[in-house]
There are 4 protein chains.
Amino acid sequence: VTGSPPADTIGRLLIRCADRQGIVATVASFLSASGANILSLDQHATAPSGGTYFQRTEFALPSGNLENLRAAFASDVARPFGMEFTLTDSAVPKRLGILVSRIDHCLLDLLWRTQRGELDVAIDVVVSNHDDLRSAVEPFGVPFVHVPVTEETKPEAEARQAELLRGVDVVVLARYMQVISRSMLDAVGVPMINIHHSFLPAFVGASPYRQAKERGVKVVGATAHYVTEVLDDGPIIEQDVVRVNHRHTTADLTRLGADVERSVLARAVLWHCEDRVVRDGDTTIVF
Amino acid sequence: VTGSPPADTIGRLLIRCADRQGIVATVASFLSASGANILSLDQHATAPSGGTYFQRTEFALPSGNLENLRAAFASDVARPFGMEFTLTDSAVPKRLGILVSRIDHCLLDLLWRTQRGELDVAIDVVVSNHDDLRSAVEPFGVPFVHVPVTEETKPEAEARQAELLRGVDVVVLARYMQVISRSMLDAVGVPMINIHHSFLPAFVGASPYRQAKERGVKVVGATAHYVTEVLDDGPIIEQDVVRVNHRHTTADLTRLGADVERSVLARAVLWHCEDRVVRDGDTTIVF
Amino acid sequence: VTGSPPADTIGRLLIRCADRQGIVATVASFLSASGANILSLDQHATAPSGGTYFQRTEFALPSGNLENLRAAFASDVARPFGMEFTLTDSAVPKRLGILVSRIDHCLLDLLWRTQRGELDVAIDVVVSNHDDLRSAVEPFGVPFVHVPVTEETKPEAEARQAELLRGVDVVVLARYMQVISRSMLDAVGVPMINIHHSFLPAFVGASPYRQAKERGVKVVGATAHYVTEVLDDGPIIEQDVVRVNHRHTTADLTRLGADVERSVLARAVLWHCEDRVVRDGDTTIVF
Amino acid sequence: VTGSPPADTIGRLLIRCADRQGIVATVASFLSASGANILSLDQHATAPSGGTYFQRTEFALPSGNLENLRAAFASDVARPFGMEFTLTDSAVPKRLGILVSRIDHCLLDLLWRTQRGELDVAIDVVVSNHDDLRSAVEPFGVPFVHVPVTEETKPEAEARQAELLRGVDVVVLARYMQVISRSMLDAVGVPMINIHHSFLPAFVGASPYRQAKERGVKVVGATAHYVTEVLDDGPIIEQDVVRVNHRHTTADLTRLGADVERSVLARAVLWHCEDRVVRDGDTTIVF
């Protein structure tokens with residue numbers, strides 16, 4: 001018997017509604033009246049008035065439980081304000097599925113950050129259309145499943161992938177070199193985050209580092225974004241760049257870019273899993 | 001008769017108090033009940049519990065006036081919570097006094113940003129211990145006053161400077177090469193912002209670029225901070241750096257650093273004048 | 001009579017030829033035999049072998065003159081190696097012509113850096129299709145000429161501009177909001193450097209900051225490039241970026257980007273005027 | 001029998017001497033006469049005249065061998081010019097020894113970059129004063145040796161470490177939390193590269209992230225430098241920084257800084273192993 005008190009539940013409330021007066025007061029008063037202590041509150045309105053309102057609130061709930069709070073919030077606040085909301089328990093790690101092809105640096109970085117506790121997630125499975133990275137994944141104790149994809153077998157392969165990814169909260173494409181079909185997006189049904197190796201909207205599609213070399217740019221970059229039906233076009237979560245010059249070959253850009261890719265993807269996944277990212281049309285709000 | 005409605009008053013409320021439950025709810029409810037619409041709200045607690053709590057709230061007040069709101073807030077909220085607070089009208093530009101010696105780039109950048117409306121301030125006076133920059137300042141329509149400072153005349157000179165700076169809201173040391181005495185700080189009585197040409201705490205004191213060259217650093221930087229009695233030691237508002245290499249001479253560092261200095265100082269002054277910066281002991285919170 | 005010796009001539013030699021063995025040795029030996037002392041040497045080959053070779057050499061010539069050296073180099077080195085080359089005297093400042101429309105920050109930055117000696121150039125003339133910036137330019141003692149441009153008068157206007165720009169070494173488009181025609185490029189006959197307010201190839205054309213806001217990018221940037229017939233498509237000299245987020249409006253991006261534009265353009269112009277930039281097809285080498 | 005020709009030897013020549021006229025010509029002519037083709041040449045003089053001269057030349061030697069070239073260079077060029085020089089074969093990877101304590105990210109990054117061929121080195125041994133990282137190292141096939149160090153046993157421990165490091169070309173301190181004694185430096189006899197978790201000269205010594213938090217800096221950084229007798233004081237090879245703000249705890253700074261540390265150390269080790277780094281007194285030249 002340690003005698004230490006149970007830790008507080010830390011809840012994260014994300015809301016979205018038409019902007020109007022009194023939202024902060026209403027939400028804050030509801031939480032306060034429910035015994036919750038607000039730890040941080042961040043909000044954004046898309047226009048000074050008449051826009052869409054977004055708010056992320058992190059709070060400690062010393063007693064009571066989130067389920068009751070959720071029900072009360074739905075009826076007392078969300079319904080009258082016409083809000084969409086999510087309410088999550090920060091102690092429950094998000095479950096991740098990872099899709100990857102042959103290039104290892106983004107995958108390894110996610111596995112390694114998870115192992116050392118920097119990224120508080122549970123990686124359920126790594127699915128690849130090649131078998132190359134099996135031995136890199138297995139020491140981390142994460143299941144690796146090889147699902148070959150050819151033009152002919154793509155529908156079945158995608159169905160198998162969706163099956164393997166059932167139950168995850170988010171899918172990360174850690175350099176997965178296949179276009180995701182509309183039906184796959186539907187079948188998976190949770191957000192998918194892709195890392196693209198350019199600062200979008202520059203250099204969409206294949207071989208962005210070769211394109212960058214040919215165009216003679218002085219910075220190259222990487223972009224983490226939500227996957228939509230349109231290739232390299234979803235809402236951007238995070239981007240970063242690195243300076244390059246005429247001496248750098250396409251191979252050098254690939255090597256320098258790899259470091260940017262892995263850190264950009266890691267930040268995007270971390271922020272998503274901390275419920276900091278909200279889609280707003282074709283863009284994102286990152287609280 | 002234009003028929004256009006009077007613009008809303010935009011108020012900025014900064015508070016500081018011991019952290020406790022219900023502050024957000026109380027403040028937000030007070031504002032909502034007063035007819036104010038919260039435009040943005042940012043807060044920070046120095047510890048999960050038991051720390052100091054800071055909040056910046058920007059709100060639109062369609063009718064009523066800030067003076068009444070201030071009085072009501074003082075009695076209804078600030079007193080019971082033991083809060084310090086400031087409440088300012090965003091339409092009233094801060095009044096600036098500038099101290100400068102002979103180097104022009106930071107001064108010119110502030111004058112130019114003010115002229116083009118990027119920095120919404122009123123520059124009351126430029127005071128210099130040299131006469132060199134008079135012709136650079138006068139085209140901007142800002143009074144330039146030369147107050148020579150020697151070791152013997154320093155007390156009188158500082159008294160004269162304080163006299164000239166009477167009534168300003170903030171004093172900016174835009175490369176002013178004199179130590180500010182305790183009595184000068186007291187006489188001026190408003191925050192003073194200095195730009196130091198290194199990333200503090202590295203290279204305190206004179207000739208930081210020469211020090212940087214001698215130490216062989218690969219980045220140089222600049223720091224904007226509040227002035228205290230201790231040289232180059234006050235709370236840091238903003239810093240930035242630029243990469244350098246062995247080819248750069250001290251003169252090159254000085255030139256490259258000048259660009260960093262002027263942008264770091266401009267950001268610090270902008271943020272201060274938008275009531276975004278709060279001192280927290282030896283550090284700052286920048287909302 | 002000071003008795004101080006005449007300063008050395010500092011020459012800058014830029015060469016370009018098919019790569020082959022012995023170029024460095026030949027050029028260095030030629031200079032050494034001519035009494036020149038190499039101060040810096042930078043070179044680049046586009047491929048390990050069989051590519052194009054570029055070299056920039058800066059040297060001090062204590063006696064003799066550059067004209068004789070140029071003639072000797074042409075016959076003894078350039079002809080046998082099939083080299084193109086330029087040889088310039090670093091003491092002769094480049095003559096600049098500036099084209100501008102209504103936005104002042106890039107123009108003012110160039111004028112100011114030239115005035116304080118940071119940019120060792122002679123600005124011959126500022127030509128604008130609007131009269132707005134006359135009073136900003138005149139205090140610098142630089143002629144300002146207003147040449148209105150309409151769709152109908154464009155050919156005559158361009159002819160007038162080219163006339164005004166006769167004799168300059170380089171033309172800088174410091175936020176000039178008109179497409180440059182093929183015939184104007186030919187008539188001007190010297191390199192033209194443009195600043196585009198995005199990190200090309202992203203956001204070509206009008207309103208790049210609005211485009212950036214709509215796409216929801218997390219960095220915005222600026223690009224200085226040589227002007228070609230194709231809009232926003234010439235060889236890139238320099239680029240840089242600044243981080244932004246969902247809170248930044250298009251107006252904020254415009255303000256933040258302005259700082260990047262002026263520093264990117266200043267660097268590109270400085271490097272061009274120090275003979276550091278060589279075109280290599282659609283890209284540049286920046287020594 | 002493939003019939004493919006033997007690859008050229010790629011040599012790297014680093015020289016250092018008192019500056020005087022004709023060095024480039026002499027070295028380039030020597031190489032050319034020896035049948036070598038210069039691939040890249042970079043040089044630096046510490047003063048316009050009368051300083052110290054440094055040059056790095058990379059060349060392809062299609063036939064002949066480096067040993068003969070070295071002997072000829074020593075007698076024909078180095079001796080008459082009073083040069084120090086090193087001449088290395090780029091095909092021979094540097095042999096590395098790594099010292100580490102308990103923190104894994106820098107070590108893992110070096111192991112991983114070596115495994116994927118990004119860092120062309122041979123890691124002979126990892127020596128640690130703790131046994132914690134054994135299981136992290138062993139999958140890479142690199143020997144891990146635990147040498148405990150206490151105040152009493154330090155001399156014997158250092159002797160044992162030096163013994164284990166015998167034969168390596170460079171020692172990397174990948175977050176090794178012990179001061180290196182003068183006698184250890186002498187016993188090891190090859191350059192040692194340390195990563196310090198601050199932008200030196202700020203925050204020397206223990207707990208730099210805690211110091212950074214207390215000082216309220218807005219950027220934190222990392223520094224890779226050669227080890228000397230004085231703690232955190234040797235010639236700096238590379239530095240980089242990351243922006244932080246008041247919300248970041250010391251733990252956050254530690255996490256964000258870790259990413260900077262590993263990339264700064266990787267760049268420093270890469271450059272050192274490509275013979276790009278030359279010490280110049282208390283500073284470095286990085287070609």
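All of these numbers come straight from a predicted model, not from anything done at the bench. Reminder, nothing fancy here: chain letters follow the sequence lines and each chain counts from 1.
Looking at B:R243, neither its backbone nor its side chain comes within 4.5 Å of chain A, counting heavy atoms on both sides. Using a 4.5 Å cut-off between heavy atoms, A:A60 makes no contact with chain B at all.
The shortest heavy-atom contact between B:S32 and A:A25 is CB-CB, 4.0 Å.
In terms of non-hydrogen atom pairs under 4.5 Å with chain B, the most contact-rich of A:D42, A:V24, A:T26 is A:V24. The most heavy-atom pairs under 4.5 Å with chain B, out of A:S49, A:A33, A:A36, come from A:A36.
Side-chain atoms of A:L41 and B:Q55, non-hydrogen and from C-beta on, never get closer than 4.5 Å to each other.
Rounding to the nearest 0.5 Å places CG of A:L39 at 12.0 Å from NE2 of B:H44.
Within a 6.0 Å radius of CZ in A:R79, no more than 12 heavy atoms belonging to other residues, nucleotides or ligands are found. Within 6.0 Å of the CG atom in B:D282, the count of heavy atoms belonging to other residues, nucleotides or ligands does not exceed 12.
If you run side-chain contact (heavy atoms from CB on, under 4.5 Å) between B:Q21 and each of A:I38, A:N37, A:L31, only A:N37 comes through.
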